[in-house]
Amino acid sequence: MDRQEKKALEFRALHAGEAFVIPNPWDVGSARVLAALGFKALATTSSGFAFTLGRLDGQATLAEVVEHAAAIDQATDLPVSVDLENGYGPDPESAALAIRRIAEAGAVGGSIEDYDPAGRIYELQHAAERVAAATEAARGLTFPFTLTARAENHIRGHPVLDDTIARLRAFEDAGADVLYAPGLRTVDEIRAVCKAVSKPVNVLAIPGLSFADLVAAGARRVSVGGSLTWVAVRAMADAAEAIRDRGDFSALGARVPLDEWLA
């Protein structure tokens, strides 16, 4: 069994076991820290990665994401799933190509969403065709790739739960292994989604709810998106503003156990 197949099987096993958190590193250093802290798998964040390039979410290219995925995969022994946004093209073949490219880079999972960066949510049938094409590409690999299908309604100005559920059901029928609707805000919404489908549901962490709350509502996997990136950036900005405005260097006394984390 090669390294990638081993990671793929470990990732599948996680989804078949107890609910778990899959944090989202934004670079190699954060990936290694999260691995050292004991997490069992990693998922990239499109917004966090774009930030490392000095860009907004949606402005990285597929080639850049593939290079990033390879670096995150090589950084640790953990399975890696990649945020592929819309697959870097509106047609089904773009979604399929994105899956094949990140698999070549070492990833064992990836997500495809139904939102086009031009500013529209794909019509349901077209969105399902894109998931089906991604599924076909995943099934053509030599290891069990875990495909996540995302319904973007709730973070794209269309928080209609019935439509979100209809989309996730269509994506399940199209072959997705994990279903994900980022932006669900309440336990009732999460419970309704989880009850409506049979595949594992990924839930985006909500500051006001605990992991136990999300699991009780039916979540099998909990991710944090770009939020850890913004926690780090906020801390940097707060320290820099204190230096600029008050000449206060006290925040620079922070110390972290890098020898331990990066051993």
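We count residues from 1, following the sequence as given. What you are looking at is a predicted structure, and each value in this text was computed from that prediction instead of being measured.
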| Hphob cluster co-occupancy, Ile121 + Leu84, side-chain heavy atoms under 4.5 angstrom | no

| message | Checking side-chain polar atoms at under 3.5 Å, does Asp248 have a donor or acceptor matched by the opposite partner on Ser250? | response | yes

| query | For residues Thr148 and Arg221, is any side-chain donor paired with an opposing acceptor at under 3.5 Å? | reply | yes

| So, does Glu67 use its side chain to make a donor-acceptor pair with the main chain of Glu64 at under 3.5 Å? | no

| Is Glu136 salt-bridged to Arg100, cutoff N-O under 4.0 Å? | no

| message | Measuring only between side-chain heavy atoms, which start at C-beta, is Val108 closer than 4.5 Å to Val80? | response | no

| said: Could you list the cluster mates of Leu9? Members are the ILVMFWY residues connected by side-chain heavy atoms closer than 4.5 Å, either directly or through other members. | reply: Met1

| task | Give a yes or no on whether the backbone of Ser198 and the side-chain of Glu172 come within a donor-acceptor separation of less than 3.5 Å. | result | yes

| Is any NZ, NE, NH1 or NH2 atom of the basic residue among Asp73 and Arg3 found under 4.0 Å from an Asp or Glu carboxylate oxygen of the other? | yes

| task | Using atom types as modelled and distance alone, determine if a side-chain donor or acceptor of Gln4 lies under 3.5 Å from a backbone N or O of Ala103. | result | yes

| In terms of the angle between their ring planes, are Phe11 and His15 parallel, tilted or perpendicular, with boundaries placed at 30° and 60°? | perpendicular

| Mind checking whether Trp26 and Leu258 sit in one hydrophobic cluster, side chains of I, L, V, M, F, W, Y counted as touching below 4.5 Å? | yes

| query | Taking C-beta and beyond as the side chain, do Val222 and Phe211 meet within less than 4.5 Å on heavy atoms? | reply | yes

| said: Any donor-acceptor pair under 3.5 Å linking the side-chain atoms of Asp57 with those of Ser46? | reply: yes

| field | side chain to side chain contact (heavy atoms under 4.5 Å, CB included) between Val201 and Val193, intermediate numbers included | value | CA-CA 8 Å; Val201 174; Val193 165; 4.2 Å; yes

| Min side-chain heavy-atom separation Thr146-Val178 under 4.5 Å | yes

| field | Ile190 and Leu214, any side-chain heavy atoms less than 4.5 Å apart | value | yes

| Side-chain heavy atoms of Arg150 within contact of Ile155, under 4.5 Å | yes

| field | Arg55 backbone acceptor or donor facing Gln59 side chain under 3.5 Å | value | no

| Quick check: does any side chain N or O of Glu85 sit under 3.5 Å from a backbone N or O of Gly87, one acting as donor and the other as acceptor? | no

| If you look only at pairs with a residue in residues 10-22, which of them pass as a salt bridge (Lys or Arg N to Asp or Glu O under 4.0 Å), with sequence neighbours excluded? | Lys6-Glu10, Arg12-Asp177

| request: Indicate, with yes or no, if Phe171 and Tyr122 share a hydrophobic cluster defined by side-chain heavy-atom contacts under 4.5 Å among Ile, Leu, Val, Met, Phe, Trp and Tyr. | output: no

| request: State whether Arg167 and Asp114 are salt-bridged, where the test is any N-O pair (Lys NZ or Arg NE/NH1/NH2 against Asp/Glu carboxylate O) under 4.0 Å. | output: yes

| task | Return yes if some donor-acceptor pair links the side-chain N/O of Lys199 with the main-chain N/O of Ala176 below 3.5 Å, else return no. | result | yes

| said: Taking the side chain as everything from C-beta on, heavy atoms only, tell me whether Leu209 gets closer than 4.5 Å to Val187. | reply: yes

| message | To check you understand the geometry: which heavy-atom pair defines the closest contact between Ala60 and Tyr88, and what is its length? | response | O-CE2, 3.6 Å

| message | Please tell me whether His68 and Thr44 have a donor and an acceptor in their side chains that are separated by less than 3.5 angstrom. | response | no

| message | Is there a path of hydrophobic side-chain contacts, each under 4.5 Å between heavy atoms of I/L/V/M/F/W/Y residues, joining Leu53 to Met236? | response | no

| said: I'd like to know if Glu241 and Arg234 make a salt bridge, using a cut-off of under 4.0 Å between side-chain N and carboxylate O. | reply: yes

| query | Does a side-chain N-to-carboxylate-O contact under 4.0 Å join Arg169 and Asp173? | reply | no

| Do we see a donor-acceptor contact under 3.5 Å between the side chains of Asn24 and Thr45? | no

| request: Kindly indicate whether the side chain of Ser111, heavy atoms from C-beta on, has any atom under 4.5 Å from the side chain of Val82. | output: no

